[in-house]
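Presented below is the structure to which this report refers.
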Amino acid sequence: DWGLDFGQPQALLNQQREWREIVKRDLNHPSIVAWTPFNETIGAARNHPEAHRQALQDTYELTRTLDPTRPVNDASGYVHVATDIFTVHDYEQDTDVFRERYSAVDPGHPGTTPIRFPELSVPYQGQPYVVDEYGGTWWSEASDRD
């Protein structure tokens, strides 16, 4: 979906056609464990909220129809509409802050779970919760000696 203009109806039709081809092509590939048709759609959610919501809902339903055996992560990272896996992206550098932030994830109490852009995303509803993009956290030998 990189560069997809959610404001162009033809672009959305093309995306749906191409996504259908991808899922049908790769349906029996053993390394596919989940489908993730979109990534970080915050711009579209802000600029074209209805088109964004409809495109993610339609793509989720299309994917589940074509492959009911695998979960669908509608938009990796943030601004979920319909998803079987609730994912977030977080590049927090402080490991203590990162640990504290995600210690609150509790499927039994979804309101305590961190959500990027909660004003645009559907609420967390107890799905598997994954920080599926992170980085920049490292161990420094020099700091270990200090």
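These values consider heavy atoms only, across backbone and side chains, with no hydrogens, waters or symmetry-generated copies.
In the hydrophobic clustering of this structure, Phe86 groups with Tyr134; members are Ile, Leu, Val, Met, Phe, Trp, Tyr whose side-chain heavy atoms approach within less than 4.5 Å, directly or through other members. When the side chains of ILVMFWY residues are joined at heavy-atom separations under 4.5 Å, either directly or via intervening members, Val131 and Ile115 end up in a single hydrophobic cluster. Residues Phe38 and Val81 are members of one and the same hydrophobic cluster, defined by side-chain heavy-atom contacts under 4.5 angstrom among Ile, Leu, Val, Met, Phe, Trp and Tyr. Hydrophobic clustering (side-chain heavy atoms under 4.5 Å, transitive across Ile, Leu, Val, Met, Phe, Trp, Tyr) groups Trp35 together with Leu66. One hydrophobic cluster, built from ILVMFWY side chains closer than 4.5 Å, cannot hold both Trp19 and Leu4; they sit in different ones.
For Tyr78, the ring pair (Phe, Tyr, Trp, His ring centres under 6.0 Å) partners at least two apart in sequence or on another chain are His89, Phe117. The side-chain hydrogen bond (donor to acceptor under 3.5 Å, both in side chains) test applied to Gln57 returns Glu61, not counting sequence neighbours. Applying the side chain to side chain contact (heavy atoms under 4.5 Å, CB included) criterion to Gln54, with sequence neighbours excluded, gives Glu50, Asp58. Under the rule for a side chain to side chain contact (heavy atoms under 4.5 Å, CB included), the partners of Asp96 that lie at least two apart in sequence or sit in another chain are Asp94, Arg99. The salt bridge (Lys or Arg N to Asp or Glu O under 4.0 Å) test applied to Asp132 returns no partner, not counting sequence neighbours. Residues passing the side-chain hydrogen bond (donor to acceptor under 3.5 Å, both in side chains) test with Thr69 are Asp67, sequence neighbours excluded. Applying the side chain to side chain contact (heavy atoms under 4.5 Å, CB included) criterion to Leu13, with sequence neighbours excluded, gives Gln10. With sequence neighbours excluded, no residue satisfies side chain to side chain contact (heavy atoms under 4.5 Å, CB included) with Asn47.
Cluster note: Ile85 groups with Val130 through ILVMFWY side-chain heavy atoms spaced under 4.5 Å, whether in direct contact or through intervening members.
In this structure, Glu133 and Tyr91 have side chains that are in contact, with non-hydrogen atoms separated by less than 4.5 Å. For the pair Pro123 and Thr113, the minimum side-chain heavy-atom distance is 4.5 Å or more. Put simply, the side chain of Phe6 reaches to within 4.5 Å of the side chain of Leu12, judged on heavy atoms.
Across all their heavy atoms, Ser76 and Thr36 have their closest contact at CB-CG2, 3.6 Å. Smallest separation of non-hydrogen atoms from Val105 and Pro114: CG2-CD, 3.9 Å. Nearest heavy-atom pair across Leu56 and Ala75 is CD2-CB, 3.7 Å.
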Could you walk me through whether His48 and Asp5 pass the side chain to side chain contact (heavy atoms under 4.5 Å, CB included) check?
CA-CA 9 Å; His48 305 286; Asp5 184 349; 3.9 Å; yes
Check against side chain to side chain contact (heavy atoms under 4.5 Å, CB included), Leu120 and His52
CA-CA 10 Å; Leu120 298 170; His52 172 267; over 6 Å; no
Take Gln15 and Thr59, measure what side chain to side chain contact (heavy atoms under 4.5 Å, CB included) needs, and give me the verdict at the end.
CA-CA 9 Å; Gln15 183 275 335; Thr59 305; 3.5 Å; yes
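Applying the salt bridge (charged side-chain N to carboxylate O under 4.0 Å, His left out) test to pairs two or more places apart or on separate chains, none has a residue in residues 22-37. A side-chain hydrogen bond (donor to acceptor under 3.5 Å, both in side chains) check over residues 114-123, counting only residues at least two apart or in different chains, returns nothing. Note on residues 81-90: pairs passing salt bridge (charged side-chain N to carboxylate O under 4.0 Å, His left out), not counting sequence neighbours, are Arg64-Asp84, Asp90-Arg101.
Within the model, atoms OH of Tyr124 and OG1 of Thr112 stand 8.5 Å from one another, a figure rounded to the nearest 0.5 Å. Taken from NE2 in His29 to CZ in Arg70, the straight-line distance is 9.5 Å, to the nearest 0.5 Å. Atom CG of Asp74 and atom OG1 of Thr41 lie 7.5 Å apart (nearest 0.5 Å). Interatomic distance, CG of Asn14 versus CD of Glu18, reported as 6.0 Å (0.5 Å rounding).
Judged by distance alone, the side chain of Gln127 and the main-chain N or O of Thr83 form a donor-acceptor pair under 3.5 Å.
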